[in-house]
Student: 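One structure is given below, represented as structure tokens, and several questions about it will come after.
Residues take their numbers from the sequence shown, with the count starting at 1.
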Amino acid sequence: MIIEYKRRREEIIIFQTELQDKIKESLTSVLPVAGIVLLLCFTIAPIPSSTLMAFLIGVVFVVVGMGLFTLGADSAMTPIGERTGAYITKSKKLWMVITVSFILGVIVTISEPDLQVLASQVPTVPNMAMILSVAIGVGVFLVVALLRILFSIKLSHLLIGCYLIVFALAAFVPADFWSVAFDSGGVTTGPMTVPVIMALGTGVAATRSDGRAGNDSFGLVALCSVGPILTVLILGLIFSPDGAFYEPSEIPMAETSRDLGTLFLGAFPHYLEEVGIALGSVILFFLLFNLIALKLKKKTFSHIMAGLLCTYVGLVLFLLGVNVGFMPVGNYLGQILAALPYKWVLIPIGMIIGYFIVQAEPAVHVLNRQVVEITSGAIPAKALSTSLSIGVAVSIGLAMLRVLTGLNIMYILVPGYLLALGLTFAVPQIFTNIAFDAGGVASGPMTATFLLPLAMGACEALGGNLTTDAFGLVAMVAMTPLITIQFLGLAYKKKIAGAGTAAPAAETLWTDDEIIELM
């Protein structure tokens, strides 16, 4: 009895310590964004006090929610993906790999909250048609991604072929549907899908014994982002997108503290239900797969279930904070900044916010930890985070330029992807694999609920077209990290060549100090 009590006490202490670390991590990610918003509010872009208070409460929910979510992802979502991937691969049954990965891909995609938001914003396409087409796209390409790992196919070759098909198909789809299609590739790789998909790749790669297995465990998110773009473009051929629009977010007004509390309490049941339905499908899959195949020990099973509870509570708090607190502030700031005589200030302010806000994306923390673990710290999180932040900053600057000028999105996406795909021939493979995964994880709920409303608010104030001028921001956020992170790999390769040594093979890992020197 005493031994059991001590063991449980030790587990509680470990849990508290890990949670404190996660909350500190999320606090350092969110505080810079909050500081920038407050600075703007008290200087050039004043906002109503009720909206500001809602934002500050939202900051608290986001910090605590992200801490709980990342803890849950580490202790539940990741182990589920890894164990599932390892089991289906060790079974040596190709039909099992294809069937299980397709079902899991469809389930986690339907569970993604951001997808529900996107589907509701395209009135000319039935919600279920949009959701199912995107889910099938992810399921099919998750199968392709796992087969790539098993048969050691180079990621860059697949990506080049896929994007050639994407842009060829886009030529036959009305321009009004382009932003919807490319945004769908970004919203599907959010906090629900990324931990499971990346861990699934790690589990499959772990069954290989060659030196390139670790490198090939990346790239799943990249391929799973392509599937929805293709399927939604096909929808654009079937359904007429004429008249499609996105509804602007409402700016909540609360005259009293009671009204402010009502804003959050009123939305709370909605997110409890939304996340419950989303996570419920993942839990059901895990329970059935564990009963049929995994048969985990009681202690391991209990640990994963506790992690799923943390994931649930964390995601509810996070979505409550970003949707009720962050979204209205983003929209209002966009309107105020666009109404200034010097509206060009949207570009540098958007870039600064984009630089910091990407670190508040839950999936970014999952990617950072996985990169450090797989490469044994050879690619440090700081180098990856800085490259990712620079990429998102550039994308938001370009997005604000589009809002101000009405520039066609294809004038940015086509040369951007050509550059990104061209770099795959000159960059060590591990940087290419990580770069294309990073593009997917960067375009998560913080992008959809703060940066996108910022562009929408500015577009509304300028009298622009929301569909063609504001949307597509998610697509650009998903594109620019492909370039900046590959430039990190290119800089390292040139550094090696300048030192007169042979360039390392694609599967070689590098020292922490050498990569940090590039930053």
Side-chain angles (χ1 to χ4, degrees), residues 73 76-112 132-159 161-162 188-189 192-228 230-231 281-296 300 304 366-367 370 373-374 429-430 433-434 436-437 440 507:
M77 304 293 279
T78 299
I80 289 173
E82 289 179 347
R83 291 173 185 273
T84 301
Y87 180 86
I88 61 177
T89 308
K90 289 179 180 178
S91 70
K92 296 182 180 180
K93 298 175 181 177
L94 191 59
W95 67 266
M96 180 177 287
V97 174
I98 294 172
T99 304
V100 173
S101 57
F102 176 77
I103 292 173
L104 187 57
V106 170
I107 287 174
V108 296
T109 304
I110 293 175
S111 303
E112 189 59 58
L132 288 178
S133 66
V134 170
I136 290 171
V138 173
V140 170
F141 273 78
L142 181 56
V143 172
V144 172
L146 292 180
L147 294 179
R148 180 193 75 84
I149 295 174
L150 289 175
F151 296 105
S152 192
I153 300 171
K154 196 170 182 179
L155 177 64
S156 58
H157 295 166
L158 277 176
L159 289 173
C162 289
T188 51
T189 49
M192 283 296 298
T193 55
V194 168
V196 175
I197 287 176
M198 292 195 68
L200 193 64
T202 302
V204 172
T207 62
R208 281 173 42 188
S209 57
D210 59 288
R212 293 177 55 189
N215 295 356
D216 284 345
S217 65
F218 298 103
L220 273 79
V221 174
L223 286 169
C224 289
S225 297
V226 179
L230 284 171
T231 53
S281 58
V282 177
I283 294 174
L284 181 61
F285 171 85
F286 168 65
L287 291 176
L288 290 175
F289 199 69
N290 180 63
L291 183 66
I292 297 171
L294 296 178
K295 304 185 187 313
L296 299 175
T300 304
I304 289 178
V366 176
L367 175 65
Q370 189 145 349
E373 290 173 6
I374 295 296
Q429 184 182 337
I430 191 169
N433 295 359
I434 293 171
F436 278 85
D437 274 354
E507 63 271 15

Student: State which residues pass side chain to side chain donor-acceptor pair (under 3.5 Å) with Ser91; sequence neighbours excluded, sorted by chain then number.
Tutor: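 Partners of Ser91 under the side chain to side chain donor-acceptor pair (under 3.5 Å) test: none.
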Student: Identify every side-chain donor-acceptor pair in residues 195-202 under 3.5 Å, counting partners at least two apart or on other chains, and give the distances.
Tutor:
from   : atom 1 : to     : atom 2 : distance (Å)
Thr202 : OG1    : Met198 : O      : 3.1
Thr202 : OG1    : Gln370 : NE2    : 2.2

Student: Under a 4.5 Å cut-off applied to non-hydrogen side-chain atoms, are Val106 and Leu132 in contact?
Tutor: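 With C-beta onward as the side chain, the pair stays apart.
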Student: Carefully, step by step, assess Leu150 and Val97 under the rule side-chain contact (heavy atoms from CB on, under 4.5 Å).
Tutor: CA-CA 10 Å; Leu150 289 175; Val97 174; 4.0 Å; yes
Student: State, with a plain yes or no, whether a side-chain heavy atom of Phe285 is found less than 4.5 Å away from one of Val100.
Tutor: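 Yes, their side chains come closer than 4.5 Å.
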Student: Could you go through Val226 and Phe436, starting from their C-alpha distance and side-chain angles, then the distance that decides it, and tell me whether this counts as side-chain contact (heavy atoms from CB on, under 4.5 Å)?
Tutor: CA-CA 11 Å; Val226 179; Phe436 278 85; over 6 Å; no
Student: Please tell me if the side chains of Arg83 and Thr300 come closer than 4.5 Å, counting only heavy atoms from C-beta onward.
Tutor: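 Yes - at least one pair of side-chain heavy atoms lies under 4.5 Å apart.
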Student: In chain order, what residues pass the ring-ring contact (aromatic ring centres under 6.0 Å, His included) check against Phe286, with sequence neighbours excluded?
Tutor: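 Phe301.
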Student: Please check: side-chain N/O of Thr84 versus main-chain N/O of Gly81, any donor-acceptor pairing under 3.5 Å?
Tutor: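 It does not hold such a pair.
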Student: Just how far is it from atom CD1 of Ile292 to atom CG of Leu287, taken to the nearest 0.5 Å?
Tutor: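 Atom-to-atom, Ile292:CD1 and Leu287:CG are 11.0 Å apart.
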Student: In Å, rounded to the nearest 0.5 Å, how long is the span from OG1 of Thr109 to CZ of Phe141?
Tutor: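 Between atom OG1 of Thr109 and atom CZ of Phe141 there are 12.5 Å.
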Student: Quick one: CG on Asn290 to OH on Tyr87, what's the gap to the nearest 0.5 Å?
Tutor: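 Reported to 0.5 Å precision, the distance equals 11.0 Å.
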Student: So, Ser133 side chain and Thr231 main chain: donor-acceptor pair closer than 3.5 Å or not?
Tutor: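 No; zero donor-acceptor contacts below 3.5 Å.
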Student: Rounded to the nearest 0.5 Å, what's the gap from CD1 on Ile283 to CD1 on Ile107? Could you check?
Tutor: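 Going from CD1 on Ile283 over to CD1 on Ile107, the span is 12.0 Å.
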Student: Whether the side chain of Ser101 engages the backbone of Ile98 through a donor-acceptor N/O pair (distance < 3.5 Å, no angle test) should be reported.
Tutor: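 Judged by distance alone, yes, a pair lies under 3.5 Å.
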Student: Kindly say whether Leu155 contributes a backbone atom to a donor-acceptor pair with the side chain of Asn433 at under 3.5 angstrom?
Tutor: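 No: the side chain of Asn433 does not pair with the backbone of Leu155.
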Student: Atom OG1 of Thr99 and atom NZ of Lys93: how far apart are they, to the nearest 0.5 Å?
Tutor: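 Thr99 OG1 to Lys93 NZ: 11.5 Å, rounded to 0.5 Å.
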Student: For the atom pair CG (Leu288) and CG (Leu291), what is the distance rounded to the nearest 0.5 Å?
Tutor: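 Rounded to the nearest 0.5 Å, the CG-CG separation comes to 7.0 Å.
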